[in-house]
Amino acid sequence: MEAICYTEKGVAVTKTLPVPEVRPGHALVRVRAAGLCHTDIDVLHGRYGEGRFPLVPCHEFAGVVEAVAGDVSGLAVGAKVVADPNLPCGECRACRKGLSNLCRDLKAYGVTENGGFAEYSLVRTDHLHEIGDLDFNLAALAEPLACVLNGLGSAGLRAGPAGTENALVFGAGPIGLLLALSLKAEGVPSVTVADINEGRLAFAEKLGLETAVSGSQALAARHHDFDFVADATGIARVVESMIDFVTDGGTVLVFGVCAPDQRISIAPFEIFRRQIRFAGSHSLNRNIPEALAILKRDKGAMAALVSHRLPLGEVLPFIITKSADPATMKVQFSID
């Protein structure tokens with residue numbers, strides 16, 4: 001089978017690999033859609049995960065069950081499925097508390113185990129969710145959407161007059177827009193996306209979102225104006241600035257992945273005096289079904305986030321070199 005393979009740190013190629021043999025408790029999935037995430041690039045360069053090479057990357061993928069192990073029941077050949085990539089130990093303190101995404105020995109397809117950038121992927125059947133008639137390209141958005149939903153849950157989001165009436169999201173890339181659309185889907189009436197790229201802001205407006213130019217006087221004038229402020233840029237100075245925009249009693253969500261060595265400076269007194277809630281978010285936490293329900297309900301706007309549907313070999317350049325085209329949103333390996 002054809003696959004993208006990280007042969008060693010910093011080296012990504014397309015190559016022919018054997019089709020995986022079905023093991024007990026597993027199913028062989030013929031991949032029909034698989035999305036590129038910045039995490040895949042971090043894994044390649046050893047900035048995330050355990051540095052296990054060789055590796056087939058990608059943790060956002062959907063497809064068709066081609067074969068099922070003999071000890072498996074309840075999943076049939078031909079089922080359309082999406083993968084939950086996280087593989088927690090189930091025994092550590094975090095897992096016992098229901099925080100499997102914070103497992104002390106967390107593994108994941110596309111990070112420590114071969115993932116979805118291949119014609120076939122071997123997946124534990126208890127990590128497969130049937131998608132019904134949902135389009136494969138939409139279903140492959142379930143994992144990043146589930147990450148967003150975990151973040152909103154971590155922040156204790158409550159939409160409406162007694163909770164969040166307006167929100168600001170920094171970053172108009174695919175994950176920032178997914179976060180903004182999810183806030184709308186959860187009932188937040190007014191959601192603004194801030195970015196320095198006017199092309200991306202124009203795209204956000206087409207999705208029904210309000211926009212602002214980061215660093216502009218117009219945005220600066222909205223000092224302490226938003227009930228909920230989230231970062232999807234992964235830039236420390238942006239995270240540091242969020243407290244300037246959140247209203248008293250509001251919530252700040254750190255969602256973008258900053259480099260581990262980056263630091264911010266915030267006055268503790270301001271957090272105390274203004275009663276600001278800070279929340280973090282890592283990965284997803286068993287909420288793929290909720291994400292699938294939203295994707296089925298809000299197909300139009302979510303589908304617009306997929307800008308590229310490509311053969312496997314044409315995905316590789318996006319891994320090796322970051323696209324400078326602001327129109328690039330979610331890049332997917334896709335088979336019609």
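This structure is a prediction, so every number in the text was calculated from the model and none was measured.
- Between atom CG of residue Asp135 and atom CG of residue Leu295 there is a gap of 10.5 Å, rounded to the nearest 0.5 Å.
- Taken from NE2 in His59 to OG in Ser283, the straight-line distance is 7.5 Å, to the nearest 0.5 Å.
- A 4.5 Å side-chain heavy-atom check between Glu143 and Val82 finds every atom pair outside the cut-off.
- Linking ILVMFWY residues whenever their side-chain heavy atoms come closer than 4.5 Å, directly or via other members, leaves Leu157 and Val229 in distinct clusters.
- Residues Val13 and Met1 do not share a hydrophobic cluster, defined by chaining ILVMFWY side chains whose heavy atoms lie under 4.5 Å apart.
- Note: Tyr6 and Phe53 have tilted aromatic rings, judged against thresholds of 30 and 60 degrees for the angle between ring planes.
- Summarising the geometry of Ala194 relative to Leu168, their closest heavy-atom pair is CB-CD1, 4.0 Å, with the distance given to 0.1 Å.
- Side chain of His127 to backbone of Asp84: a donor-acceptor contact under 3.5 angstrom is found.
- No donor-acceptor pair under 3.5 Å is formed between the side chain of Asp248 and the backbone N or O of Arg274.
- Comment: Arg200 does not engage Asp195 in a salt bridge, judged by the lack of any side-chain N to carboxylate O separation of less than 4.0 angstrom.
- Checking Thr112 against Glu50 by side-chain atom types alone, no donor-acceptor pair falls below 3.5 Å.
- The nearest pair of heavy atoms linking Val239 to Cys258 is CG2-SG, 3.9 Å.
- Here the closest non-hydrogen pair linking Arg309 and Ser334 is CB-CB, 3.7 Å.
- Residues Glu240 and Ser265 have side chains that never bring a donor and an acceptor to within less than 3.5 angstrom of each other.
- Shown here are the salt bridge (charged side-chain N to carboxylate O under 4.0 Å, His left out) partners of Asp261, two or more places apart in sequence or in another chain: there are none.
- Contact detail for Ile131 and Ala139: the closest heavy-atom pair is CD1-CB, 3.6 Å.
- Environment of CZ in Arg273: sparse, with no more than 12 heavy atoms of neighbouring residues, nucleotides or ligands closer than 6.0 Å.
- Only one option out of Leu316, Leu312, Asn137 pairs with Phe333 in a side chain to side chain contact (heavy atoms under 4.5 Å, CB included); it is Leu312.
- How far CG of Asn150 is from OG of Ser281: 4.5 Å, rounded to the nearest 0.5 Å.
- Atom SG of Cys147 sits about 7.5 Å away from atom CG of Asn86, to the nearest 0.5 Å.
- Remark: Lys15 pairs with no residue by the salt bridge (charged side-chain N to carboxylate O under 4.0 Å, His left out) rule, at least two apart or across chains.
- Shown are Val123, Thr125, Val65; of these, the side chain to side chain contact (heavy atoms under 4.5 Å, CB included) with Val81 is made only by Val65.
- Taken together through direct or relayed side-chain contacts under 4.5 Å among Ile, Leu, Val, Met, Phe, Trp and Tyr, Leu178 and Ile288 form part of one hydrophobic cluster.
- In terms of heavy-atom proximity, Glu210 sits nearest to Ser190 at OE2-OG, 2.7 Å.
- Under the 4.5 Å side-chain contact rule for hydrophobic residues, Leu44 and Val257 do not share a cluster.
- Ion pairing between Arg52 and Glu113 holds under the 4.0 Å rule for side-chain N and carboxylate O.
- A distance below 6.0 Å separates the ring centres of Phe170 and Phe245.
- With values rounded to the nearest 0.5 angstrom, Leu138 atom CG is found 12.5 Å from Ile294 atom CD1.
- A distance of 11.0 Å separates OG1 of Thr247 from CZ of Arg222, quoted to the nearest 0.5 Å.
- Under the 4.5 Å side-chain contact rule for hydrophobic residues, Leu99 and Leu284 do not share a cluster.
- Heavy atoms only, all atoms of each residue included: Asp40 and Pro57 are closest at OD1-CB, 4.1 Å.
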